[in-house]
Amino acid sequence: MRTIVLRPDRPFNLDRTLSCGQAFRWEVVDGWWNGVVGEEAIRIRQDGDRLIFTGADSRFIRDYFRLDQDLPSILASIDRDPVIGAAIQECMGLRLIRQPPWECLVSYICATNTNIPAVKRRIALMAERYGRPIERPGGRVYAFPEPDALAELSCTDLRECKVGYRAEAVREAALYAADNPDWAERIAALPFEEAREALMRFRGVGPKAADCVLLFAFGFFEAFPVDVWIHRIMTEAYLPELAGKGCTPAVYERIRKFAQEYFGDYAGYAQEYLYCVRESGMQKMVKPTFLNPATRQNSR
DNA sequence: GCCCAGGATACCT
DNA sequence: AGGTATCATGGG
């Protein structure tokens, strides 16, 4: 059992971080979060300013949860109005984690037009059936399968993991990644927009999935994924002129460009905080509180 | 049975 | 450039 004592100027909230829908392989079992990251089977809980965990060393935990990132400065930089301000208050301590690129890519291919529980099920099935077993005192768990393990499968095999029509896309991605083991390094070395284009060359990866992988795996914090919830929040609170138009490619582009300019280099954090309060936050907007241009400009 | 969900794609006009 | 049908699955 290991412990990390959190510095007061490095706020962190484990529950918010793991339950906000950015990662799909964590679950709570009697007060502990259990998850598999790479080859590590991790068990962790938070007690005030202490993180108590097994299954990985402290350096791994710090890196995965980005505990050394200066969250207060980041949040100060995006805190530009009452809407995002309320989300920051409510979700303080939520951090964007550093996910393994391959698992993250497959996860968001499997996350199109579906809901979070279904994605978790798909990833869990692929891991149980085709991942390397990891033996732990608490039982056996499975690493997420490497590209070559998935590349061998037929679409039928993948469909039995309940991925549905996404099977071809998962298979193609696996074949490509197995043939190009350096695919992630090459994307990581590109500038943001080029990395985005590279990801969108995978079948089944459009703007939204690409932005999620850029944000959750590659640490491009200017990425601003627009799903149906974010589309709703952004059109109601920030871009009323786009309300009721549906999230067409042009609308998607306008929202993400606005967000990058308005929230700045850490727009992705704004996105995740807004997503975190998607339901409670929308309730409070029964009378849509459109921010007027004046409010937008003199903030901060 | 319905509608919705961390959408993308091919195919229209 | 801008609309639209379709895809497979699970939750509510």
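Numbered from 1 within each chain, the chains take letters A, B, ... in sequence-line order.
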Between [atom2] of [N] and [atom1] of [X], the distance in whole Å:
{"X": "A:L274", "N": "B:dG6", "atom1": "CG", "atom2": "C1'", "value": "14 Å"}
{"X": "A:R122", "N": "B:dG6", "atom1": "CZ", "atom2": "C1'", "value": "12 Å"}
{"X": "A:K245", "N": "C:dT4", "atom1": "NZ", "atom2": "C1'", "value": "16 Å"}
{"X": "A:H231", "N": "B:dA8", "atom1": "NE2", "atom2": "P", "value": "14 Å"}
{"X": "A:Y252", "N": "C:dG3", "atom1": "OH", "atom2": "P", "value": "19 Å"}

Salt bridge check: are [X] and [Y] linked by an N-O gap of less than 4.0 Å?
{"X": "A:E193", "Y": "A:K257", "answer": "yes"}
{"X": "A:E222", "Y": "A:R256", "answer": "no"}
{"X": "A:R132", "Y": "A:E39", "answer": "yes"}

Inset, instruction - Examine distances only and state if a side-chain atom of A:R10 and a backbone atom of A:R7 form a donor-acceptor pair shorter than 3.5 Å. - result: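 Not confirmed, A:R10 side chain does not pair with A:R7 backbone.
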Looking for any heavy atom pair under 4.0 Å, which part of the strands does [X] touch: base, sugar-phosphate only, or nothing?
{"X": "A:F216", "answer": "base"}
{"X": "A:V205", "answer": "sugar-phosphate"}
{"X": "A:G21", "answer": "base"}
{"X": "A:P207", "answer": "sugar-phosphate"}

Inset, instruction - Starting from the 5' end of DNA chain B, give me the residue, A:C212 or A:G204, whose nearest nucleotide shows up first. - result: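 In this pair, the answer is A:C212.
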Inset, instruction - May I ask you to test the A:D211-A:F224 pair for a side-chain heavy-atom distance under 4.5 Å? - result: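 A side-chain contact is absent here, since even the closest heavy-atom pair is not under 4.5 Å.
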Inset, instruction - Output the single nucleotide from B:dA8, C:dG3, B:dA5 whose closest atom is nearest the side chain of A:R232. - result: B:dA5
Inset, instruction - Assess whether side chain to side chain contact (heavy atoms under 4.5 Å, CB included) is satisfied between A:Y130 and A:Y142, documenting all intermediate values. - result: CA-CA 8 Å; A:Y130 305 110; A:Y142 297 87; over 6 Å; no
Legend entry - side-chain hydrogen bond (donor to acceptor under 3.5 Å, both in side chains) pairs, two or more places apart, involving residues 92-101 of chain A: A:D63-A:R98
Inset, instruction - Measure from NZ or CZ of A:R232 to the centre of the six-membered ring of A:W229 and say whether it is under 6.0 Å with the direction within 45° of the ring axis. - result: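 The answer is yes, since A:R232 meets both limits relative to A:W229.
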Legend entry - Nucleic acid contacts of residues 156-170 of chain A, taken as heavy-atom distances under 4.0 Å to DNA chain C: A:R159, A:K162, A:G164, A:Y165, A:R166
Inset, instruction - Check each residue of residues 104-116 of chain A for a non-hydrogen atom within less than 4.0 Å of any atom in DNA chain C, then write out the ones that pass by number, or none. - result: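 Going residue by residue through residues 104-116 of chain A, the ones with a heavy atom under 4.0 Å of DNA chain C turn out to be A:N113, A:T114, A:N115.
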Inset, instruction - Taking atom P in both B:dG6 and C:dG2, compute the distance separating them and give it to the nearest angstrom. - result: 27 Å
Legend entry - Cluster overlap A:V228 with A:V251, hydrophobic side-chain contacts below 4.5 Å: yes
Legend entry - Members besides A:F65 in its Ile/Leu/Val/Met/Phe/Trp/Tyr cluster (side-chain heavy atoms under 4.5 Å): A:I4, A:L6, A:F12, A:L14, A:L18, A:W26, A:V28, A:W33, A:V37, A:I42, A:I44, A:L51, A:F53, A:F60, A:I61, A:Y64, A:L67, A:I97
Inset, instruction - Each residue besides A:M200 in its hydrophobic cluster should be listed here, by chain and number; the cluster joins Ile, Leu, Val, Met, Phe, Trp and Tyr at side-chain heavy-atom distances under 4.5 Å. - result: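 Same cluster as A:M200: nobody, lone residue.
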Inset, instruction - Decide yes or no on side chain to side chain contact (heavy atoms under 4.5 Å, CB included) for A:L199 and A:Y108, but give the supporting numbers first. - result: CA-CA 11 Å; A:L199 282 168; A:Y108 282 95; over 6 Å; no
Please tabulate the protein-to-nucleotide N/O contacts below 3.5 Å involving nucleotides 10-13 of chain B, giving atom names and distances.
{"residue": "B:dA10", "atom": "OP1", "partner": "A:R203", "partner atom": "NH1", "Å": "3.4"}

